[in-house]
Each structure stands twice: as structure tokens, then as C-alpha cells.
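So that the names make sense, note that chain A is the first sequence line, chain B the second, and so on, each numbered from 1.
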There are 2 protein chains.
Amino acid sequence: MEKKILICDDHKIFREGLRALLEKQPGVKVVGGARDGLEAVKLARELSPDIVIMDISMPGLNGIEAARKLAKVKKSARVIALSMHNDRKYVTEIIKAGARAYLLKDSAFEELMDAIKAVSCGRFFLSAGITNIVLDDYIKGPSRDPRSAFTLLSAREREVLQLLAEGLRTKEISQKLALSVKTVETHRKKIMEKLGIGSIAGLTRYAVKEGLITL
Amino acid sequence: MEKKILICDDHKIFREGLRALLEKQPGVKVVGGARDGLEAVKLARELSPDIVIMDISMPGLNGIEAARKLAKVKKSARVIALSMHNDRKYVTEIIKAGARAYLLKDSAFEELMDAIKAVSCGRFFLSAGITNIVLDDYIKGPSRDPRSAFTLLSAREREVLQLLAEGLRTKEISQKLALSVKTVETHRKKIMEKLGIGSIAGLTRYAVKEGLITL
DNA sequence: ACAGGTATCGGGGATTCCCCTAGAAGGCCG
DNA sequence: CGGCCTTCTAGGGGAATCCCCGATACCTGT
């Protein structure tokens, strides 16, 4: 029996490209395409796909919320998350939302086929590099709150992070906080370690995303 | 004679999808794929494609700068910009950089084929909705928007700025661009001088604001 | 030809980064 | 209570960087 597939992505040309690739494969059939989360849920109800390939960033209702809804409304549909972000936040959230696979858009198409086979058999599938994130969270125990700067970092660390992201250099921060330069360095190191970010530029982008500073 | 096409996008699965669609079309042949701007320029020189389909947001060297380089180095290649942004900033800049077409990723594949036909004949092609933006700027005459990254900085400086904001350290940049560490330092110094920004964090925020990188 | 901007490098000292180690204080759990 | 973890603090030492100089070469427009 052919697997029915629903493709959800807000870029039409991407949907068409993926459809073209899938149509060359035996055993699968693309039954529809959705351009946002709401349409994804609607079409999933109408078409009863076996597999839903779900982009995460979509306007209106994003892929994570859409997956959450599908888990309630259409349990039979196996969701494969497909995203350009390898951000831990997205990964953990959509997996918790019921997705059975997480692929990066940078993956080869072959990996997508592997994922389709895996979830069809009831197994999970994670892109290389994603596994680390999930296992990392797993061994750290059930962290129910989302991994934000406020749960991950200590108050002092957030303080240092903000100053770093605002552009102060190590010496200035040490003066401002009445600390040794070495202490500030240690804080920076711990922050980078916790967040898995290895540069000031990366920390700045993170701080903006988390709302610690404004552009 | 078949048109040789080079696909530039940082997502492998997107490149594969597009290739699958194009391979079903007569008269065109995909000769290669690049995952960033530098590779795009390199492959364009090696493969001499007739058409370069260029995504705008790519790591390292973005599509706008890549188009600018191609306009100097490989005049024969017609660039089709393919982006998810319908932001006027991107449109005007890449058109000025020499692109002959601008398509949204939300476009249908058919539109891409129309664009390929158009630029092959030496015509321009703009996605619906994009035309307004260009004409709008056109009738308003040369609207020198002051103080943007595109008017203040040189191409090389923008290139270095993007890499800095992406979190690469000086040495990595020098290796990527095949330059001396000292040269990269000088560029950074000039960038900071021109922009009046004195830290990597500040440069990162600036690059995000200007759309050189995404969060 | 000349001025100006751009792009490319170097010297050298101050500074920071990055790897270690480590003590004091507070909380948590068997 | 006695370990154990986390946090905050700080230092040593070498590599890498930042930051001030200067310098050469190449365009481009006047």
C-alpha cells in the first residue's frame, strides 16, 4: 500500500521540488500541500495522510503548533519535522509536540526517505547532529520548561551575557560589576558552554532572540 | 542548445528538489549546485553556466554579494534571484548587483521557467508583487537612502562584516577568504570606523538590522 | 598627473581568549 | 550530618586577538 504524504511549507517552489523528488520514489504518493499550519491541519483531516512533512517556520500557525494539533486531531498521521534551524528550542518543542522525526533542510533527500521509512515502521528518526541535542536534554532529565536564557543561565550569567551582547569588552564588564577580569572570562566561558555558542557574535544573536537586548 | 544552470542555495534538499523539477524540463540542464556565495562564484567560473539561480540568504557570502562578483567575473551568467523575502532592500540591491530576475520562493515552478526563458532572451523578469517595488523606487528617482550597509561599506567590507557577524574569528575569515590575518583586521577596523561601532557585538546587531544575516 | 578610496600586508605592544586548576558558599539528598 | 552539585570567584600560561602605527599597489574620476 502506498504511503500518502502531505507536504507543509510556506514556499510553493519548495513544495513543488519536494513533490518532484517524492514522485520518483516507489511506495509513496503526495496527496497534497499546505502553506501554513492551519491549512496543514485542515488538509490532514480531509486527506488522512500517513506522513506529514512539516516545515517549522510558517506564517499564522507554525509547524510546532500544527504538530500539536495533529497529535490530538489526527493521531494516525506521522509528522516529520523539516527545518532549517538546528536550534535546540525547535527540536525539543516539536518532538514533544509529537513529531516522529526531525530533519534539517540541509539534509540530503535520501535522508528524508530514510525518515519516511522509519516513521512508517513506528520508529523515530533524527538528522545527524540533532541526536546530540535530544540526548543531551534527555540525560539532563525532564526539563518541562522551555530552554530559555532564564532557565538555562544563572542570574549572574544573564547579567554578563547582556553586557557582552551590548558590546562591552571584558575589562569594562569587570569594572562595571567590580569583578576580576578572570571571573568575567569564566562566566563567559560557562555561558558559551551552556548555550553551545562559541563566539561573541553568536551570543549577541542569542541575546536578541531571547529579548535580553534590543536591536 | 541546452541552457546550463547552476543552483545556489544553502539547503541541500531544496537544491535537490529544484534539480528534480528542472530535469523534467526540456532545454535546460543543471550542471551544479553551490551551498554559499563563494562556492557559487567558484563553480560559475569552472562551469560557465548560462543561468545562475541564486538564493539571497546564504552563509559566508550572501547572494547579493555573489551576484555582484559574478557581474564582474562572469558576465555571461544571467542571475535569477530567488528569495523568501519580498523586502524592498533585497530586491533593489540584487537587481543593482546585476540580477536579471527576482522570484519569491512562494512562486510556482512555472514562474521560474518563465524567468529562465526571459533572461535567456536578455529580458528581465520580476515576480508578481515585486514589480511594484522596483517601479516605486524608479519613479521616486535615485532615492539615496543614507547610511545603509550598502552605501557606506565596500563589497569586501560587507563580506567581512557578514562573516564577523556570523561568529567566525579573524583567523577563520582570513583562511576562508585567502587573506592575511592583518588584512582582515584592517577591514574590521575600517568597518568599525565607518559605522562608528566599536565591538563585535555591535557589528552583529548592525548586520542583523541591515539584513546581512538572519537571527 | 594627482587625489581619493580600496585592498592588501607588516611591526609591536596591549589585551583578550582559551585551556587548565581551585577555593568558598549555598542548596540538595540519602 | 556528610557528600555532591552549582555558582561565584580568581589565577597561570600560552595562543590569538585587538589596536595603534606605517606601507604598497591598484583603480577611478578630475
message = Under the criterion salt bridge (charged side-chain N to carboxylate O under 4.0 Å, His left out), I'd like the reasoning laid out for B:K42 against B:E39: C-alpha separation, chi angles, the key distance, then a yes or no.
response = CA-CA 5 Å; B:K42 179 170 159 286; B:E39 201 179 359; 5.9 Å; no
Can you measure [X] atom [atom1] to [N] atom [atom2] for me and round it to whole angstrom units?
| X | N | atom1 | atom2 | value |
| --- | --- | --- | --- | --- |
| A:Q175 | D:dA10 | CD | P | 14 Å |
| B:L179 | C:dG10 | CG | C1' | 15 Å |
| A:E159 | D:dT7 | CD | P | 15 Å |
| A:K171 | D:dA10 | NZ | C1' | 17 Å |
| B:L168 | D:dT17 | CG | C1' | 15 Å |
| B:I197 | D:dC19 | CD1 | C1' | 18 Å |
| A:E157 | D:dT9 | CD | P | 10 Å |
| A:H187 | D:dT9 | NE2 | P | 4 Å |

task = Decide side-chain contact (heavy atoms from CB on, under 4.5 Å) for A:V160 and A:L153; before the verdict, give the C-alpha distance in whole Å, the side-chain angles of both, and the deciding distance to 0.1 Å.
result = CA-CA 10 Å; A:V160 173; A:L153 302 180; over 6 Å; no
[N] phosphate, OP1 or OP2: any side-chain N/O from [X] under 4.0 angstrom?
| X | N | answer |
| --- | --- | --- |
| A:T183 | D:dA10 | yes |
| B:S154 | C:dG5 | no |
| A:R156 | D:dT9 | yes |

Option passing side-chain hydrogen bond (donor to acceptor under 3.5 Å, both in side chains) with B:D9 (candidates B:K105, B:R35, B:R15) =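 It is B:K105, the one option of B:K105, B:R35, B:R15 that forms the side-chain hydrogen bond (donor to acceptor under 3.5 Å, both in side chains) with B:D9.
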Greater than 12 external heavy atoms within 6.0 Å of [X]'s [atom1]:
| X | atom1 | result |
| --- | --- | --- |
| A:K209 | NZ | yes |
| A:E110 | CD | no |
| B:K29 | NZ | no |

key: Atom pair OG1/CG of A:T170 and A:L164 - distance to nearest 0.5 Å   =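 A:T170 OG1 to A:L164 CG: 6.5 Å, rounded to 0.5 Å.
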note = Reading nucleotides 18-26 of chain C from 5' to 3' and marking B where a protein heavy atom lies under 4.0 Å of the base, S where only the sugar-phosphate is that close, and - otherwise, the string is B--------
request  = Side chain of B:T170 only, please: which of D:dC18, C:dC9, C:dA7 is the nearest?
outcome  =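 So the side chain of B:T170 is nearest to D:dC18.
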